[in-house]
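Below is one structure, written out as structure tokens; the observations come after it.
We count ligands from 1, going down the list as the structure has it; atoms in each ligand are counted the same way. Everything quoted here is computed from the prediction, not taken from an experiment.
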Amino acid sequence: MQKIILALVFALLQLSAYAQQHRWQQRVEYTMDVKLNTSTHRLTGTQKLTYYNNSPDTLDKVYYHLYFNAFQPGSMMDVRSRTIADPDPRVTDRISKLKPDEIGYQHIASLKQNGRDVSWHVSGTVLEVTLRKPLLPGDKAVFDMAFEAQVPVQIRRSGRNNREGISYSMTQWYPKMAEYDHRGWHTYPYIGREFHAVWGDFNVKITLDPSFIVAGTGVLQNPQEIGHGYEKPGTAVKRPKGDLTWHFVAKDVHDFAWAADPDYTHEVVQVPDGPTVRFFYQPGEKTTQNWTRLKDFAVRYFQYMNRHFGKYPYETYSIIQGGDGGMEYPMCTLITGERSMGSLAGVTAHEISHSWYQGVLAINEGLYAWMDEGFTDFTANEAIADIFEQEGNPHENAYAGYFALIKNGLFEPAGQHSDHFSTNRAYSVAAYAMGAIFLHQLKYVIGEENVYKGLRRFYYTWKFQHPEPNDFIRVMERVSGIQLQWYLRYFVYTTKTIDYGIKAVVEDEGNTFVTIARKGEFPMPVDLVVTYKDGTRELYYIPLNEMMGSKPVEDTEMMRTDLVAWPWVNPTYTVRIGRASKEISSIEIDPSQRLADVDRQDNRIDLTQPPKAYEDPTTSGANDR
Ligand SMILES: [Zn+2]
């Protein structure tokens, strides 16, 4: 009996060990009630924030982000934008020229912890709060705040009157609790780049002039009072007199964004087995036709993403004209709307894909932009290629941008904080292009099917948490049975590059010996494909010793010979082909071109033709979106 009980306890312990394999995380519950004065562009409001300290640490302080404070002359964002070598053309010196009624700010009028005043200190975009009573592990605190904000003239993302005449793009508009996790506080001063925040629920009431239509994160709770396309189709709307209060609730999100404009039209489509997608834009010559066509595209896009990368978990998603380009928020995006169809579909694709990586997985965009932006771009490139039936490598531009950056000498490690790259260009290649290459090249390392299977498993394992690079690699290792730490280290934390070449081909007693040289410091497995004159092809597969395994067969049409692993220290490796060279038409390293080999000139030898002039594949332009 005791034995059985012990066995049961052991089984339960095992189960809970599995359930707790993920890290602890803090939690927030925001209740906000704000009023926007549309003539002064000022916002006053209250915020009740219940903060759950699920950490094992006692907290003496908490920190909030006050992002609007970045839009003031002399702010860190202003200085950075005026001093970086290649400033964002949307910002440059515009912050330095803002007048007092054009700047942004968030002023704290009062702040209480569990009903008692606390002291605080504002430093730029960060509010530091010294707690009245330390917050113990497992305990919670209620922070009651009254605040006033001025919505800045739009410089970057947030603000009033964007260049297409959208009245309010309200992103990072409220004092927002910073994230505290096993790495400590994430209180990055805002200089115009990425965000990271705490998981939780938002209950938000926004009151403003009744002529405005509001769109944003969450589900509208009072559609029959609001109307404007939110009401049940065919039902009457009972709108109260005076200002309208819009009540939104969003659960399991880490941010809340909204936009408001009197001229929005609101159109709705339903994705089969997916969310209700809402479109908000100002109808006109430059928008109506393309935004109408966008509906079908968005439906197909969600279907593709659901099928390949895991199911979108919320009931709605809103595509909102606003902001200054395209920016992702939970359950919505703000994009500029006066675009060609290709550009509109492209930006929408990218932002919808963010729902998986920034929205649901909430990868820390500051620390791991290559995962957030890169995985987003990877899925967007593949979905677009599928929907528009495009042939070829959908990530070709990513490779071209990466190679060009290396050539220009601007390449920096992808694994550094987004704010700290020396140039915007290096950041954008590291984040967008290298992240996409990381996954496409991973197909080369562990096989295509494993990558898709792993991406889905990663999504379902880590949704509503904040996974990190190692968490992703562990999932991929378990899916493929191949060790991958070396791949993460080299690709993300160094500027070492991949370069293999065929050094020599010699014949001896009816065998052909091919010597491959590792010219770059970044070691990789090698696919050496031999095409025989009889038309057959054979893969000589050389795993890297650090993999401690081999990828599965990818192409069942091709013969495959598995060779002994290549110890990464060895500069060369010789392959014996059991046929005479006169039977061979060509020998090539990675004909799939998934390997980010910086010099492909010597990757192929044609044994039937005289050598051809080399064409540089890296000069076809950079992906600098
Ligand atoms: Zn993005």
**Prompt:** Using the benzene-type ring in the case of Trp, are the ring centres of Y317 and F302 under 6.0 Å apart?
**Reply:** yes
**Residue pair H65, Y190: steps toward the ring-ring contact (aromatic ring centres under 6.0 Å, His included) verdict** = CA-CA 8 Å; H65 299 280; Y190 185 53; 8.8 Å; no
**Protein N, O or S within less than 2.8 Å of the Zn ion (ligand 1), waters excluded** = H350 NE2, H354 NE2, E373 OE1
**Prompt:** Are F195 and Y188 close enough that their ring centers fall under 6.0 Å?
**Reply:** no
Only distances under 3.5 Å count here; give the side-chain donor-acceptor pairs of residues 292-299 to other protein atoms, sequence neighbours excluded, each with its distance to 0.1 Å.
| from | atom 1 | to | atom 2 | distance (Å) |
| --- | --- | --- | --- | --- |
| T292 | OG1 | T288 | O | 2.6 |
| K295 | NZ | E267 | OE1 | 3.0 |

**Message:** Using the ring centroid of each side chain, check whether Y314 and Y312 are separated by less than 6.0 Å.
**Reply:** yes
**Asked** Are R474 and Q485 close enough that some pair of their side-chain heavy atoms sits under 4.5 Å apart?
**Response** yes
